[in-house]
Each structure stands twice: as structure tokens, then as C-alpha cells.
2 protein chains.
Amino acid sequence: MKHRKKIVTNVTIKDVARAAGVSIATVSRILNGSAGVSEELAARVAAAVVELGYRPNDVARALKVRESRSIGLIIPDIENPFFPALVRGVEDAARQQGYAVILCNTDGKLEEEERYIRFLFSKQVDGILFTGGVDCDDSLGLLASLPIPVVALDRRAAAELSAVVCDNYQGGILAVEHLFEQGRKRIAFIGGPARSSSAIDRRRGFLDTHSRYGVVVNGRLMITGNYSFDSGYRAAVALMESREPFDAIFAANDMMAIGAIEALTEQGINIPDDVAVVGYDDIRMAGWYKPALTTVRQPVYEMGMAAVAMLLDQISGVRASACEEKFKPELIVRNSSGGREGHDGVSSI
Amino acid sequence: MKHRKKIVTNVTIKDVARAAGVSIATVSRILNGSAGVSEELAARVAAAVVELGYRPNDVARALKVRESRSIGLIIPDIENPFFPALVRGVEDAARQQGYAVILCNTDGKLEEEERYIRFLFSKQVDGILFTGGVDCDDSLGLLASLPIPVVALDRRAAAELSAVVCDNYQGGILAVEHLFEQGRKRIAFIGGPARSSSAIDRRRGFLDTHSRYGVVVNGRLMITGNYSFDSGYRAAVALMESREPFDAIFAANDMMAIGAIEALTEQGINIPDDVAVVGYDDIRMAGWYKPALTTVRQPVYEMGMAAVAMLLDQISGVRASACEEKFKPELIVRNSSGGREGHDGVSSI
DNA sequence: GTGAAAGCGCTAACAT
DNA sequence: ATGTTAGCGCTTTCAC
């Protein structure tokens, strides 16, 4: 461990100016790379800076220039395996531009969302990245009322807000087409919360693909879950108890798919021989699970990065109007659907 | 969506004062709940606040009182399944006290750690929660040189820093005792990075328990990994190639345990009949994996909360000197070690 | 009980 | 090219 002087009192731009024998304006100019400063003074100031261990006070700067170089990131729950990659994408992009990201977990609760929105506003964040819960319309209204750029993540653009999403409709199509190609005809659907835009779009993809293939959907094979393991488990139990025959399940996320598989397996039903299962998201566990889960991948990390880029464009005024960036989902075929990829070993990690 | 007025210009304490017909000092007193303000003025100010939609500017307050009510949280990688629960614990505790948390991913790289430490210092965070990489001694030195409270997380307290840890030595003991109780005698060890304090302590628990049971350790059964799935996989391959007989593996984290099981299973080795496996951490996947993983759980969420409590104590000056809080690990018996818990279904979720 | 005023550390006119 | 100064929004003495 290198020895370092303990900094006791915060050293300010004033101290640097005194030490270098210049005015604070000159120090500020040099620090900010403004043009028109002599080599000599620049050197003297630079020396004083390292000598004193000076670091600019960002909150003073923020107060002066009305820009905190920080953004808020509101998500339901970092412990939900869908979010870490998203957060990492956001953080990487933000850091690259010198922005701090303040993380906010709301559990999708409206009151927490609004609490955090106000909190972030007080903190003077330059923008907010928002992934709300199912009933986030009120929050979106509050966001729209604030004079801060906002981009919605993984939620369809509402009102005049920008958004970064993945094409959930297309994802639903991908899943069902794959199942049809495997020769499955009676596909059960375990959906997400009724009002969630992602859930709605995936469901629409499911239904439309059936029409397009001329297959009639059995409504009793459609169940609504809430994206949790438990709801997937319960959905599969309900499916079995209904005694409606089915040879496949498309679950609107991986957690529910895994929950369903657990329930099915406990009853001696073989995956994929008896029932093929396709999930959604391609969370990390999907590749390790037995059977390895066929799923629809969203480029979550990239979406996080894109959202930051869009937000910063808005902050800097490059982009004024609301816009939507839509990513393409990708079908990842593994064992649970009986796809031909076969055993999914270490190579998939 | 409720209708809300779009706030165009930021309204300041001055506007509120004018609207309420009082001085800004009075507004400030009322907002901060200072004693000695008349009911009447308080009401008038409160009315003006809602009328104008006023929200205090935290960065001005921070500049004035030299306290930003934000803390930095430095971790290697939020995508590592160990960290989400930690981060959530930190965030929940921080929010409860009105603190914002700035998330920083370093990938355990020294340069990123130092970059972020300086960044956070400039941002005037009131304290830093630090989980460094393997070689974080330099970072710890830098941290110690700053006039900001710091608590190390999941790392043994170095220098004069406070720390929140889990008893890794005890965890190692738990794992090995369990394996001995299952009648296993030839236990392989897949350890973490040589200089990581957690890895060292778990290893020490492994070794000491052997001595205590009078079992001599076969050095060729001890392999060093880096906490990744791949390194666990490779370790198991090396173990098999060594042709040393072994009937159990204690891996210093769950990812390596799972990697090892994949490698073993591919060679037709049955878990737990041929080889019992115990992991460490109890990441979420451990309960879902097949076979469900016996592991040593750390109370990660609680550790995150405790770290915030300790940090805030230090910030407020309640606690001046460095201290260490050590949590107890817990053995979670599942199928991979042949423990008697039997099938681990939905109940474990 | 209330107000006037100083000043936190910085940037950006403006003046020289 | 460099210095002087006002002021960002707030809290907090200090007077009254």
C-alpha cells in the first residue's frame, strides 16, 4: 500500500489559486480546459493541484451550472434476475460519459415510484431512466410533469415520453412459430400481468401466430401469471387440473417457465417429450437449468446502454422530441422445447 | 393519469417566500421543522409550497451544509449473482434514511476502483461502501487517505477501516464437517483467488477441520479457481484427470460448484452418489439447480443493511473508531451432498 | 418569532 | 491572457 497523505481539510479552488499565485478564475479555466491560458500558469496550477491533492467539488459546480451529471435509474427490483444486466448496461454507458447513476428499487409499487421520482428531482438529477411496475401510469404522469428528460425502459412509450423497448410482439411470434415447427399443436400460454405492456404484446404475438397458422386457440389453455416462479408453478398445476390436453407451454418469462417445469416434472411429465416449454428473457439461469430452457432473448445490456445514450441526447438537447427505439428479440433454442441444439454444455455460458 | 401542471421553471425558496409573504429564512425554518415558527406562517408557507409545486434543491443544501445525503457503493459486478441481494440490502437501508446510493461496478479492476473513489469524492458522497477486487490494497490505501467514512463489505478489515463480513472460516468448517458426517473421506477443494481474504479463510476452515478430524489432506485435491463457472468446470476436469480418488468436492462458491458438477455429470459421474458437492453463497440458482445445491449461506441482504447502518453511524459521528461486524454463515443442505433433506421443491423458493 | 445577510465552492460574464 | 465579481439555492448566525 502506497503511503498517502491523509487529507484533513477539503482543499478548494481558492487554495490552489493561492498556492499557484493566480486567481481562482485562472484555476477554473485550466481545470476546465478553456482556451487562452499560458503554458506557464497551467503548469504552476497543475503542480499546485497535485501538491495539495485538490479535487473539484462537484456539488458546487452542479449548483452553479445547473447540471449534476447524475441520472436516476428506477427499477422494480435488482434481485429480479432480469435487471442486473440492464443495470450494468446503464452503469457502463453512464460512467463512460462521466455520469453517476443513482439506483432506486420500487418493487413496482406506485407510492415508491413517486417517492423516488420526487427524491431524484430534489437531488437535481439530469435525467431519469424509468422501468415502472404494472400500474405505473400515475408515475408516468408525474414524470411528464417534471422538467427533466425521461426515458422509459422495457415499457411502451406512454404520453410524450421516449422509450427503449424490445419487440415483445415479435418475441411472441418467435416462440409460437418455433413450437409449431416442432410439431406442437396445443400450446398453453402463461402470460404476464394483464395490464403490463410487455405481457400484452407477447400475448398478441401468441394469438396472431395461431391465426396465421390457422390453429384455433383454446382459451382454457391461457392463464395469467405475474412473472414469478410461484405463479408459473401454480399455472402449470391449474393446466394439469383442467384436463385440457396440451403438448407445449409458452411462458411470458423464464421464471414462470421454470416454475411450470418444476410442477410438471413433479407429476412425472417429461420435458420436452411430453410438453415442450419456451420461456422469455434468457436470464442467466436459463442456460444452466435442467432441461436447458429454450427462450426468447432480449438484448438487455444493450438496451440499458441505448437508454442512456437516448437520455443524454435529450439532456444535451440534441434530441428534443420523444422517440422510441425498438430492439429485436432472438430465439434461443435449447433442450426444453426439443429443439435440435441438443445438450447445452459449458459452451453456452 | 391525473393531470398535472408541467413545471417549466424551477421554483426556489425565494418564490415560496414571496408567495407566502415571508422571508426565505422563515421558509427554510418551516421546511426543516426548526422550532419557533408561528402556526399561521407555517400554514401560509405550506400552502405556497403545494401551490407552486416547490421541491427543495438538494445540491444547494448539500453545498451549504457540506452533506450530500448520498453514499457510494463500489462492487465488482452487479451481474455476479452474489451482489444483487447485497445491493438491495444497501439500497433499502439507505432509502430508509433518506440517502441516495450511487452504484459503481469495477469488475474488480484496481484502476476502476481508484477512478470511482475519486469520482465519488468529487461528488461529495458522505461515505463509501467498498467491496474491492482481489488486489484492492491500493484502493484501500486511497480510501484511507480520504476524509470520508468507509466500510469494507465482504472483505476483511484492512488498515483502520471498518468492515462487515461473514465468518468465512466458520463457513469452511461447516461445509467440511457436513461432508465428513455424510461419510466422505476424500474431499477435494476448489478454492478462490489466492489473495482473496474470503478464499483464504474458507480454505483455512477446510484445512483445520481435516486436522481436527484427524484426516490428512491430499494436496493434489486442492485446486485454485477464480469464482467463475468456467474455473469450476476446469477444476473438476483437472481433478478427474489427476486420477486421485475423491468422493466429495467443497467449492468456495456456488458458481464453481455448478461448473464442477457440469463437468462431472458430463463424464457420467453421479452427484451425490459418486461425488458429493457443497458450494458457498447460496445464490438463488442453488435451490433450482439440479441437483439442488448444498451450500453455505451468507446473509447477504442483512450484511448490506448492516454496512449502511455502520457507515451512517460513522458519518454522524456516533461511532468514531473502526470496527468489524461478523455475521454467521449457515449450512443449507440440499441434494448435491446426499444430505437427508430429499427433494427440494417449490418450498425452498 | 421573524428578517437581513453572509457564505458554501464554483463558473462565467465582465473588466482590464 | 488574467483578475474581479456576481450569484447559483440554500442554511444559519446575528439583529431586532
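Chain letters run A, B, ... following the sequence lines, proteins first, then strands; residues in each count from 1.
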Please tabulate, one pair per line, all N/O donor-acceptor pairs under 3.5 Å involving side-chain atoms of residues 125-132 of chain B, not counting sequence neighbours.
{"unit_1": "B:Asp126", "atom_1": "OD1", "unit_2": "B:Ser68", "atom_2": "N", "d": "2.9"}
{"unit_1": "B:Asp126", "atom_1": "OD1", "unit_2": "B:Ser68", "atom_2": "OG", "d": "3.4"}
{"unit_1": "B:Asp126", "atom_1": "OD2", "unit_2": "B:Ser68", "atom_2": "N", "d": "3.3"}
{"unit_1": "B:Asp126", "atom_1": "OD2", "unit_2": "B:Arg69", "atom_2": "N", "d": "2.7"}
{"unit_1": "B:Thr131", "atom_1": "OG1", "unit_2": "B:Leu153", "atom_2": "O", "d": "3.3"}

May I have the list of side-chain donor-acceptor pairs in residues 306-315 of chain A shorter than 3.5 Å, sequence neighbours left out?
{"unit_1": "A:Asp313", "atom_1": "OD2", "unit_2": "A:Arg319", "atom_2": "NH2", "d": "3.1"}
{"unit_1": "A:Gln314", "atom_1": "OE1", "unit_2": "A:Ser162", "atom_2": "OG", "d": "3.1"}

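A side-chain donor-acceptor contact under 3.5 Å links A:Ser122 to the backbone of B:Pro56.
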For nucleotides 13-16 of chain C, which of its nitrogen or oxygen atoms have a protein nitrogen or oxygen under 3.5 Å away, and what is each distance?
none

Protein and nucleotides 6-8 of chain D: nitrogen or oxygen contacts under 3.5 angstrom:
{"unit_1": "D:dG7", "atom_1": "N2", "unit_2": "A:Lys64", "atom_2": "NZ", "d": "3.2"}
{"unit_1": "D:dC8", "atom_1": "O3'", "unit_2": "A:Arg66", "atom_2": "NH2", "d": "2.8"}

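Taking the nucleotide of DNA chain C with the nearest heavy atom to each of A:Leu31 and B:Ala35, the more 5' of the two is matched to B:Ala35.
Remark: A:Tyr301 engages A:Asp92 in a side chain to side chain donor-acceptor pair (under 3.5 Å) (not counting sequence neighbours). Among residues two or more places apart in sequence or in another chain, the side chain to side chain donor-acceptor pair (under 3.5 Å) test is passed with A:Asn105 by B:Glu91. With sequence neighbours left out, the salt bridge (charged side-chain N to carboxylate O under 4.0 Å, His left out) criterion links A:Lys123 to B:Asp58. Residues satisfying the side chain to side chain donor-acceptor pair (under 3.5 Å) test with B:Arg115, not counting sequence neighbours, are none. The side chain to side chain donor-acceptor pair (under 3.5 Å) test applied to A:Arg195 returns A:Asp135, not counting sequence neighbours.
Under 4.0 angstrom from either OP1 or OP2 of D:dT2 there lies at least one side-chain N or O belonging to A:Ser38. Regarding contacts with the backbone of D:dG3, a side-chain N or O of A:Thr26 is found under 4.0 angstrom from either OP1 or OP2.
Within 4.0 Å of B:Val22, counting heavy atoms only, lie sugar-phosphate atoms of the nucleic acid but no base atom.
Residue pairs that meet the side chain to side chain donor-acceptor pair (under 3.5 Å) test with at least one member in residues 73-86 of chain B, sequence neighbours left out, are A:Arg88-B:Asp77. Within the structure, salt bridge (Lys or Arg N to Asp or Glu O under 4.0 Å) contacts touching residues 26-40 of chain B (residues at least two apart or in different chains) are B:Glu40-B:Arg44.
Checked against D:dT11, C:dC10, D:dT2, the side chain of A:Val37 finds its nearest nucleotide in D:dT2. When each of C:dT2, D:dG3, C:dT11 is scored by its nearest atom to the side-chain atoms of A:Ser28, the top-ranked nucleotide is C:dT11. Closest contact between the side chain of A:Asn32 and the listed nucleotides C:dT2, D:dG3, C:dT11 involves C:dT11.
Checked by atom type, the side-chain pair A:Glu113/A:Ser139 shows a donor-acceptor distance below 3.5 Å.
The rotation axes computed at either terminus of the helix from C:dG1-D:dC16 to C:dT16-D:dA1 lie 40° apart, taking five pairs at each end and rounding to 10 degrees.
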